[in-house]
Amino acid sequence: MGQIFTVNLAGSSFHFQLIKLQQIDRVVESQILLQGTTVTLCKETRGDWKQKESSNPLIKELVQAIGNSISLRYRI
C-alpha cells in the first residue's frame, strides 16, 4: 500500500504510512508506520479503533483519528 496520510490533532500534524490492511473474521487490522515505529491498530465491527501492542502506547485520540482516516479512505 505505502500511501502516506496526514492527521492533524491538537495543533500538531502526524504523518503515517499504511503498510498492511487486512480483515480477520470481524476484526480489521491495520499496520502503520508512525514516526519510525510500526504500530498495529484493530477495529471490531462497529467498534472503536484500538492499539494492539501495549508497548509504546499512543494517545487514544490519535489512534481514533488515524483509524478514522483509514476508514474513510478504504470504506471500512
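For Gln31, there are no side chain to side chain donor-acceptor pair (under 3.5 Å) partners at least two apart in sequence or on another chain. Ser71 meets the side chain to side chain donor-acceptor pair (under 3.5 Å) test with Trp49; sequence neighbours excluded. With sequence neighbours left out, the side chain to side chain donor-acceptor pair (under 3.5 Å) criterion links Thr37 to no other residue. The ring pair (Phe, Tyr, Trp, His ring centres under 6.0 Å) search around Phe14 returns none, not counting sequence neighbours. When the salt bridge (Lys or Arg N to Asp or Glu O under 4.0 Å) test is applied to Lys52, the partners found at least two apart in sequence or on another chain are Glu29. Residues that satisfy the side chain to side chain donor-acceptor pair (under 3.5 Å) test with Asn8, not counting sequence neighbours, are Ser13.
Considering CD of Gln3 and CZ of Phe16, their distance stands at 9.0 Å, rounded to 0.5 Å. Annotation: the span from Ile24 atom CD1 to Gln22 atom CD amounts to 4.0 Å, rounded to 0.5 Å. Rounded to the nearest 0.5 angstrom, Leu34 CG and Gln51 CD are separated by 9.0 Å.
Cluster annotation: Ile19 and Val27 are assigned to distinct hydrophobic clusters (Ile/Leu/Val/Met/Phe/Trp/Tyr, side-chain heavy-atom contacts under 4.5 Å, transitive). Residue Tyr74 is grouped with residue Val63 when hydrophobic side chains (ILVMFWY) are merged at heavy-atom distances under 4.5 angstrom, including chains of intermediate members.
The closest side-chain heavy-atom distance from Ser30 to Lys20 is not below 4.5 Å. Annotation: side chain of Asn68 is not in contact with side chain of Val7 (no heavy-atom distance under 4.5 Å). The closest side-chain heavy-atom distance from Phe5 to Ile66 is not below 4.5 Å.
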Exercise answer: donor-acceptor pairs, residues 38-45 side-chain atoms, under 3.5 Å, sequence neighbours excluded:
| residue | atom | partner | partner atom | Å |
| --- | --- | --- | --- | --- |
| Thr40 | OG1 | Glu53 | OE2 | 2.9 |
| Thr45 | OG1 | Arg26 | O | 3.1 |

One pair to check against side-chain contact (heavy atoms from CB on, under 4.5 Å): Asp48 and Gln64. What are the steps and the verdict? CA-CA 7 Å; Asp48 290 336; Gln64 287 300 318; 3.3 Å; yes
